[in-house]
Amino acid sequence: MTVTLPSGITEETTNGLLAYRIETPAARGLVYVQGAHVAGWAPGGADDVLWLSEKTFLEPGKPIRGGVPICFPWFGPGRSGDQQPAHGFARVATWRLVDARVDDDVATLELELTGADVEKADDFPQDFLARYRVRMGRELELALAVTAGEQPLDFEEALHSYLSVGDIRQVRVVGLDGAGYLDKLDGERKVQHGDVEFTSETDRVYRCSGTTEVVDQAGGRRVLVTKQHSDDTVVWNPWVDKSRAMPDFGDDEWTGMCCVETANALGDAVSLAPGETHVMVAKLSVG
Ligand code: BG6
């Protein structure tokens with residue numbers, strides 16, 4: 001299927017990776033076909049809202065470090081704790097562009113991935129149709145619709161948004177007060193008291209279906225993460241040692257990023273009957 005690109009959306013290729021660049025009065029952005037990966041978004045004349053590592057791999061088959069990776073059909077190592085690749089095969093799979101349009105300066109791209117497009121893991125033989133709609137304007141709206149094939153489908157998912165911040169040590173995430181969470185660093189279940197502040201490596205899966213606000217004091221802005229049909233919010237910053245251990249992450253870049261991810265993971269994995277569809281939506285906006 002060939003999609004005709006409207007004015008405001010152009011195609012480009014970097015190191016063999018095909019991407020669509022969006023430039024309208026309302027937004028600038030970039031979406032790679034590999035992983036249906038939104039690698040950049042800025043509303044109007046504003047600064048980039050999404051963070052992208054200067055050390056990211058941009059190579060076929062390797063995950064992109066930054067932007068919004070799609071984690072599907074499992075999150076991290078999956079519920080068994082040993083599924084590969086980390087965060088599921090969708091983020092390195094080649095998705096297919098099925099629609100591109102620009103209405104009132106808002107660019108919409110729709111990309112699709114089916115079970116037939118990927119070499120599925122032995123422990124994930126089920127068929128599926130994943131359809132991802134990216135709407136870029138003054139807000140960024142991401143909708144991941146997953147439909148089960150002829151078998152029931154059980155999966156985890158996350159829209160793993162990396163936000164660019166002035167200094168993580170002066171960031172507060174508002175909206176999680178009172179929420180229970182799994183602290184992935186020690187495996188313990190805890191409860192959040194007050195806003196989330198960052199003083200060391202942070203890797204938490206919060207049970208939260210509401211809006212969070214990332215207050216970036218040094219950057220002088222607030223980013224709202226609004227969502228639908230998502231029961232978990234993941235908050236991650238690798239801090240010093242983990243950043244140094246990752247080959248695709250600059251040693252000092254941890255100060256400038258904050259992941260607030262829209263997810264259904266662990267005990268909130270999604271179970272679909274044959275033919276059933278689930279849609280998870282994440283919306284980012286700058287306050
Ligand atoms: C987060 C996880 O969502 O993603 C962390 O909670 C993980 O545990 C991080 O380290 C980055 O994952 P990856 O596979 O992109 O290095």
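Numbering of ligands and ligand atoms starts at 1, following listing order. Excluded from the calculations below are hydrogen atoms, water molecules and symmetry mates; all remaining heavy atoms, backbone and side chain alike, are included.
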Ligand 1 atoms in contact with F75 (distance to a heavy atom under 4.0 Å): 3 (O), 6 (O)

What atoms of ligand 1 come closer than 4.0 angstrom to any heavy atom of E261? 1 (C), 3 (O)

Look at the side chain of [X] and the backbone N and O of [Y], then say whether any donor-acceptor pair between them is shorter than 3.5 Å.
X	Y	result
E156	L266	yes
N15	L58	yes
D232	V205	no
H37	G66	yes

For R172 and E197: C-alpha separation, side-chain torsions, deciding distance, then whether salt bridge (charged side-chain N to carboxylate O under 4.0 Å, His left out) applies. CA-CA 5 Å; R172 280 184 300 122; E197 296 185 78; 5.6 Å; no

Looking only at the side chains, is there a donor atom on one of N264 and E157 sitting less than 3.5 Å from an acceptor on the other? yes

Protein contact of [atom] - nearest heavy atom, named by residue and atom, plus distance:
atom	answer
atom 4 (O) of ligand 1	H160 NE2, 2.8 Å
atom 13 (P) of ligand 1	R65 NH1, 3.6 Å
atom 12 (O) of ligand 1	H87 NE2, 3.2 Å
atom 10 (O) of ligand 1	K242 NZ, 2.8 Å
atom 11 (C) of ligand 1	W236 CH2, 3.6 Å
atom 6 (O) of ligand 1	D203 OD1, 2.6 Å

Where do Y32 and W95 land on the ring-ring contact (aromatic ring centres under 6.0 Å, His included) test, with the steps shown first? CA-CA 9 Å; Y32 285 92; W95 292 57; over 10 Å; no

Heavy atoms only, cut-off 4.0 Å: how does R91 contact ligand 1, side chain, backbone, both, or neither? side chain

